[in-house]
Undergrad: 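Input: one structure, supplied below.
All values below were derived from every heavy atom in this structure, side-chain atoms included, with hydrogens, water molecules and symmetry-related copies excluded. Reminder, nothing fancy here: chain letters follow the sequence lines and each chain counts from 1.
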Protein chains: 2
Amino acid sequence: MAVTIHEVAKGADVSVSTVSRAFTMPDMVNAATRRKVLQVAEELGYQPNRAARGLVTGKTGNIGVVVPDVANPFFSAMLKGCTARAREVRHVVFLADAAEDPRVEAEVVGAMAKQVDGVVLCSPRMQPTQLERLVGSTPLVLVNRDEAGLPAVLMDSGDGARQALEHLAALGHRRIAHLAGPPASWAGEQRLQGLRAAAPACDVETVELGPFPPTFQGGVQAADLALARGVTAILAFNDLMAVGVLNRLAARGVAVPADISVVGYDDIEMSSMTTVPLTTVRMPMEAGGRAAVDLLLDGLDAGIEPEATHRWLPTQLIVRSTTAPPRQDSGSARVLAGR
Amino acid sequence: MAVTIHEVAKGADVSVSTVSRAFTMPDMVNAATRRKVLQVAEELGYQPNRAARGLVTGKTGNIGVVVPDVANPFFSAMLKGCTARAREVRHVVFLADAAEDPRVEAEVVGAMAKQVDGVVLCSPRMQPTQLERLVGSTPLVLVNRDEAGLPAVLMDSGDGARQALEHLAALGHRRIAHLAGPPASWAGEQRLQGLRAAAPACDVETVELGPFPPTFQGGVQAADLALARGVTAILAFNDLMAVGVLNRLAARGVAVPADISVVGYDDIEMSSMTTVPLTTVRMPMEAGGRAAVDLLLDGLDAGIEPEATHRWLPTQLIVRSTTAPPRQDSGSARVLAGR
DNA sequence: TTGAAAGCGCTAACAC
DNA sequence: GTGTTAGCGCTTTCAA
């Protein structure tokens, strides 16, 4: 079944160490010998057993990636970045889907620890103490979370929130709802802070709603609450929620953006796919995945445990037709009568 | 750094084999001893090195999953099923994203082969001959492809196409466009066949368009072609394309479903998120992922190479408001005048 | 430039 | 019920 290094050695009539060298340190072996070895290996379809190699070198060539939910477009985009970059640097990805469960997150890191050179934790939901317990089991890099002095790739969604707020304020909106996602979301917290910080200068009043599930349904649910609070604009936690909001507004006969403006956060083009093009804060998820892999590997090369290095990635507001100046006759009353 | 079995043995004052047994065959060791061992292991934070274990047992406890594109909702849903099921049976998932490149598919299987117990190939795009070359390197299970006598999980999208066609025919549609996706897609081929087979009995004429990229843009592009052919209904390759179609129709002032009916294929609720709820053929992607993992593992348990076992999963038409009877004044002319 | 041998962390006979 | 020992496939001293 599995063709081993011994068979290649026998076939090429050399010792196993020569075969090994032909692969790992090619110029330490005679050109002719090497050619022969490589050829025999090719014929036999030999592929070094990376697990065995890892056992002795201590380097597996694998990296672990843990996401809260692969089916969430944000995280599948991030995963895409991780796998793509990993491939470029000849590494393989171990994937774990934590199913939005903090305990699973901790558990899987333990399970992977020994078979990987390090783990990328994407938006981990777990408690700081749990996170700290993981430190030392294997090199860790965080994405969109800043904790325990760990190296991290951080997206500046606080700044994105500011951009969105200023955009809406410039249009004349004075009362804006913020729909929160999962409480454990670092990015969500950043957005809220960015919003609060920017609101006074923009002369905007923010209405903080939630938490809601970061889903289509969460958006539907949130839309009614936002409507009842008489806002003229809504900032949704992510594109899924934003689409839910859009749908609920449509169902209630509220026009977007005539009656209410909507802004979401997305990764790629999810939101360009809505029938009413959705204004969004662009989160560079794929780039984040790539950066995380780099950070992890750089840290490993550099020496021991990587220094706590933070890589900030900018976010960008993409304005589309879901935002417009508020009506002069002010949203609230009209909207509530709308149905 | 990494705590080994030896340290646990020393700490518990037993031999390594006792520690090993305490983990792998608990009832072959004295209850008191076991308790002590487990406790010491706990304290030291010992986790067996699965790679080393695999080296001797020949079983890694890992399974490989190869997808054409993680960022595609179809495949992230399938991946979700794989990881969920894998976890339930205490396995870890090795993920590879082939970036829609057949060569990469073959390559990654080779790279993973030695570290996994088997590989799930999701909708592989590679040639039959390439696929055959992979057989033997590691146990393989196919999803949505039937080739080389390999075990496979197959979704009956041919039947889904039939259901969609009959639905549209029942509404009175007589001229229906089929928008093809990637030529290498087995599922696409199935749908086309299902359509062709069902069309005569339904007294329907099918207009076969494509191939198009299975994306939003592909749908935009396809919509114009379909319109020009004067159909009253459109069957899109997947939900992304369907949404593209919807958008382009809206942009051209064509009403859905008044002027044209649209049907897509989707996995979960993507299509319930469109502003005009989209009628779709439901593909059980997540269930497919789970089934594939089961098939792989069952085959391994059963004995040698798994028999070529096929698992067919049904598809289901979900009717929503994007389909309606065609206008009496017949779509074609009206629509073309529409803009 | 090459080979022989030790050993990575673990399990699986085979003794005791 | 427990310990000793021989490897799993590979890399890496150390000698030749």
Undergrad: Provide, to the nearest angstrom, the distance between the CG atom belonging to A:Asn49 and the P atom belonging to C:dC8.
TA: 18 Å

Undergrad: Are A:Asp146 and A:His310 close enough that a side-chain donor and a side-chain acceptor fall under 3.5 Å?
TA: yes

Undergrad: From the list D:dT4, C:dA4, D:dC8, which nucleotide is the closest neighbour of the side chain of A:Ser15?
TA: C:dA4

Undergrad: Could you give the NE2-to-P distance, from A:His6 to D:dC8, as a whole number of Å?
TA: 8 Å

Undergrad: Heavy atoms under 4.0 Å, any strand shown: does A:Ser17 hit a base, just sugar-phosphate, or nothing?
TA: base

Undergrad: Testing the basics here: between A:Ser137 and A:Ala113, what is the closest heavy-atom pair and its distance to 0.1 Å?
TA: O-CB, 4.0 Å

Undergrad: Measure from NZ on B:Lys10 to P on D:dT2 and round the result to the nearest Å.
TA: 19 Å

Undergrad: Parallel, tilted or perpendicular: which fits the ring planes of A:Phe23 and A:Tyr46, with parallel below 30° and perpendicular above 60°?
TA: perpendicular

Undergrad: Grab the CG-C1' distance between A:Leu55 and C:dT11 for me, whole Å please.
TA: 13 Å

Undergrad: Rounding to an integer number of Å, can you tell me how far A:Arg21 CZ sits from D:dC14 P?
TA: 14 Å

Undergrad: Give the rounded distance in Å between these two atoms: CZ of B:Arg35 and C1' of D:dT2.
TA: 17 Å

Undergrad: So what does B:Arg50 touch, heavy atoms closer than 4.0 Å: a base, only the sugar-phosphate, or nothing?
TA: nothing

Undergrad: Quickly work out the A:Lys114 NZ to C:dC8 P distance and round it to whole Å.
TA: 16 Å

Undergrad: Nearest whole angstrom, please: distance from the C1' of D:dG1 to the CE of B:Met28.
TA: 8 Å

Undergrad: Using only heavy-atom distances, determine whether the side chains of B:Glu100 and B:Asn72 contain a donor-acceptor pair under 3.5 Å.
TA: no

Undergrad: Within the 4.0 Å heavy-atom criterion, would you say A:Tyr46 contacts the bases, only the backbone, or no part of the nucleic acid?
TA: sugar-phosphate

Undergrad: Can you tell which of D:dT11, C:dT1, D:dG7 lies closest to the side chain of A:Asn30?
TA: C:dT1

Undergrad: With respect to the phosphate group of D:dG3, does any side-chain polar atom (N or O) of B:Thr18 fall under 4.0 Å of OP1 or OP2?
TA: yes

Undergrad: Under a 4.0 Å threshold between the charged nitrogen and the carboxylate oxygen, would B:Asp101 count as salt-bridged to B:Arg125?
TA: no

Undergrad: Compare side-chain N and O positions of A:Thr4 against OP1 and OP2 of D:dG9 and report whether any pair is under 4.0 Å apart.
TA: no

Undergrad: Using only side-chain N and O atoms of B:Thr33, determine if any of them is under 4.0 Å from OP1 or OP2 of D:dT2.
TA: yes

